[in-house]
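Note sheet for the following structure.
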There are 4 protein chains.
Amino acid sequence: MKTKDRIVAAALQLFNEQGEANVTTNHIAAHLGISPGNLYYHFRNKNDIIHRIFQQYAEHLRKSFTPVTGPASASPAVWFHYLDAIFYVMWEFRFFYANLNDILHRDPELHKKYLAVQRELAVNLQALLRELNAQQVLAIPDQEIDPLTQTLKMVVSFWVSYQSAQSLDPRISQAVLYEGVARVLLLLKPYFHPEKGAELAKLSEHYQALARTPSDPFHK
Amino acid sequence: MKTKDRIVAAALQLFNEQGEANVTTNHIAAHLGISPGNLYYHFRNKNDIIHRIFQQYAEHLRKSFTPVTGPASASPAVWFHYLDAIFYVMWEFRFFYANLNDILHRDPELHKKYLAVQRELAVNLQALLRELNAQQVLAIPDQEIDPLTQTLKMVVSFWVSYQSAQSLDPRISQAVLYEGVARVLLLLKPYFHPEKGAELAKLSEHYQALARTPSDPFHK
Amino acid sequence: MKTKDRIVAAALQLFNEQGEANVTTNHIAAHLGISPGNLYYHFRNKNDIIHRIFQQYAEHLRKSFTPVTGPASASPAVWFHYLDAIFYVMWEFRFFYANLNDILHRDPELHKKYLAVQRELAVNLQALLRELNAQQVLAIPDQEIDPLTQTLKMVVSFWVSYQSAQSLDPRISQAVLYEGVARVLLLLKPYFHPEKGAELAKLSEHYQALARTPSDPFHK
Amino acid sequence: MKTKDRIVAAALQLFNEQGEANVTTNHIAAHLGISPGNLYYHFRNKNDIIHRIFQQYAEHLRKSFTPVTGPASASPAVWFHYLDAIFYVMWEFRFFYANLNDILHRDPELHKKYLAVQRELAVNLQALLRELNAQQVLAIPDQEIDPLTQTLKMVVSFWVSYQSAQSLDPRISQAVLYEGVARVLLLLKPYFHPEKGAELAKLSEHYQALARTPSDPFHK
DNA sequence: GATGAATGAGTATTCATTCAT
DNA sequence: GATGAATGAATACTCATTCAT
């Protein structure tokens, strides 16, 4: 693993554990046993590191939320895929969600990338919902697709912040994020096709069980 | 106006305009034309000032969301009252919403007060929704009252952050917050009694109109 | 009791309890329930207060160490008088002994007064020792009177500091100061007339007993 | 000379010249022509610098007062060694002696180290005195060894403070410290073996001469 | 690729003292 | 006599970033 990648990985880890504001570039360097100068050889900036992390984040979003089309999209496996992806992104980049505005407003270039990714994501989500409508899994009135997409994005975007504000401990657990996944499912519940009720119940059960797990297992 | 109050007012204004993290105690003092020492004569801390602002915030919440009981709660005036209160609190303390976690996790004492206020608010909101159920204005199934309360709180709590993240300009307009009020109404829409449809439409119209207003008028 | 005197008394108490450097003029005023302005109405300075305390200190020294002359000086009561006076002055003005150099070098005027008092004290002590020589209580060779005086003064002057440095707790107990009194007696021991041995033993016993007392009684 | 060492040396010099309390970290940095940030790159704290100085102090004490055993301890050279060491430590770390209690009570960790060093020193001094007894240089009754050790330590510890209080100028001269060395010798005088009188006189003469020297030579 | 010493602007806070009322 | 609001200079410490080697 190259130094450049090790820096990104260490920064991500420390940001997630301690909050981006509390992690200095010197901390990252010390954590890796390299010199601060070396860190600045690979990255022009602290923000530059965050850009690289954001890139990973964006790639995950793109890969994970490319709409599956055709009958395959009706299978339960697809639901697990999307919901696990939501969890993964919330957990892996929780520092980003926890400090979204600080990070974005400090760096307009990153902010623009973020907005582009969000737009793209919205398009994908809408396509996805329409596909699920077509596959008779969901039944969302057309004019509600847009606001629902927005609500979903908003809940996912601020679930980490919301939960962090609920506890004196700034760190969040995986359990709390699975709760967020279950909440997303709840938002979709009114639109599930009647005969998909059992399927929904099973999914819901699955994530609620994970939300009850005290340890931090990762769904595979 | 006493110096102590002028400090609180100036701090609130500057925090809202520039973000709490970017406003130093010296900035506040300079903005008022007083010495830093004088500021520290009236407040022990920067946090002490924030505590005072939070107190104002909490008082507004308490006063504004004390549930109205009896037939009066069915009048449209009550809706205007509550929705305007939501707007007021989001606008007047937007710096707080925009930096919620930073502020809370830096000051555990404040965090405890915040959690207490939130609990109290949840109780009041639930009582309010039940009363509106009783008055046949809403028809929320009992087991949905709690999750709905949570969702409402979450949307209000992070609307400012959410909207801030959507724009390159960190400052948010009143219009955007009226949009948030309209969104709250939207969350309640499914539960409105059928014959209250017209009333709802009127309310919705009102706030959507405000959300379209480019200048910053304030509903009275 | 006049405000002026109350200020001096409060300052002395707080200085002794918490150390002069840790007691601000505002502390003193708050402790008395008066305004800082009022304190400065009565005293030009924090140093001015210390001057007043020093004056009390100097008066005690003068009164207590005026040499008793004639056969009376041979009585044990005289010894108790002098040794109790040493204890009193160490206890009552322990903040002064604990911060001697800080206080003196910050205020040359006070320093001059201090040096004058010390010179006067040295003269008195020497006269006293000579009288005790004359009364056949002590037998100090003439050329040793001066160095002995100096040693006595030095031990008394820095006993408080010395003991404070021996303990992690900056506060000193009365017991520890009685130990200092016993130490003074020890310095004189070699010069006691052989037949005064019993008397010396009794004195020594007395102060060593007090040094063992855990509570803080005051000898009268 | 490395920057780290230069900082320690400059701090020691400025502390000795102006008193520890009057020397800020910025003063030290400015005096060396380096940035305050650089100083904090090498030391976490002002206290951290003092810890480093204390370490040097402790090392000197340990090295210099390791008891010499055997007949060698009877030679005059040994006396010069010990008395010069006393002088050196009083001179080189005079700021420490001048502000002992301020420095110790502000930093409990340092205070503990200090007490440990003092205990070790007491043990060494007692061993040394016993060896000199064995070598027939001194004749100290066994039960007087402990109090004598204490007195020696106390005189050395507070000689700097004592002398500083005697003069309006807070700075102390080397001459005055040589006087302190002579005083130490005086305390031992009663216990010198009769036939060592000439030797003692020579030693005493030596340090008294240095105490009379206005310039600041250093015995080698 | 990597080191690590160096920069310097920035920030919250303290406290003896003043003065209009 | 007394109030209490106001002053302002001073201080320890941080951290993203640079650059000679």
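Throughout, protein chains are lettered first and strands after them, A, B, ... in sequence-line order, and every chain is numbered starting at 1. This is a predicted model, so every value here is computed, not measured.
Both C/S35 and B/R6 lie close to DNA chain F; mapped to their nearest nucleotides by heavy-atom distance, the more 5′-ward contact belongs to C/S35. For A/N47 and B/I34, each mapped to the nucleotide of DNA chain F holding its nearest heavy atom, the one lying further toward the 5' end belongs to B/I34. Nucleotides of DNA chain E nearest to D/L39 and C/V23 differ in position, and the one nearer the 5' end is that of D/L39. Between B/N22 and D/N38, the residue whose closest nucleotide on DNA chain E is further toward the 5' end is D/N38.
Distance B/H42 NE2 to F/dT7 C1': 12 Å, rounded to the nearest Å. Rounded to whole Å, the distance from CD1 on A/I28 to C1' on F/dC15 is 12 Å. Taking atom NZ of residue D/K46 and atom P of nucleotide F/dT14, one finds them 15 Å apart after rounding to whole Å. Distance CG (B/N26) to C1' (F/dT7): 13 Å, rounded to an integer number of Å.
Partner of D/K46 under the side chain to side chain contact (heavy atoms under 4.5 Å, CB included) criterion, chosen from D/T25, D/L39, D/T24: D/T25.
Along DNA chain E, read 5' to 3', the first and last nucleotides having any atom under 4.0 Å from a heavy atom of chain C are E/dC15 to E/dC19.
In summary, the side chains of D/H51 and D/D107 do present a donor paired with an acceptor at a separation below 3.5 Å, with no hydrogens or angles considered. Between the side chains of D/T3 and D/H42, no donor-acceptor pair is found at a separation under 3.5 Å.
Between D/R94 and D/E17, no side-chain nitrogen of the basic residue sits less than 4.0 Å from a carboxylate oxygen of the acidic one, so the salt-bridge criterion is not met.
For the pair B/K113 and B/F54, the NZ or CZ position fails the cation-pi test of under 6.0 Å to the six-membered ring centre and within 45 degrees of the ring normal.
Within 4.0 Å of C/N45, counting heavy atoms only, lie sugar-phosphate atoms of the nucleic acid but no base atom.
One finds no side-chain N or O of D/T24 lying less than 4.0 angstrom from the OP1 or OP2 phosphate oxygen of F/dT11.
The bend of the helix from E/dA2-F/dT21 to E/dT21-F/dA2, defined by the angle between the axes of its first five and last five pairs, stands at 20° to the nearest 10°.
Put simply, the side chain of C/I50 reaches to within 4.5 Å of the side chain of C/I103, judged on heavy atoms. Side-chain contact between B/R106 and B/E20: present, with at least one pair of heavy atoms (C-beta onward) separated by less than 4.5 Å. Taking the side chain as every heavy atom from C-beta outward, B/F95 and B/V160 never approach each other to under 4.5 Å.
For C/Y97 and C/F158, the ring centers are positioned 6.0 Å apart or more.
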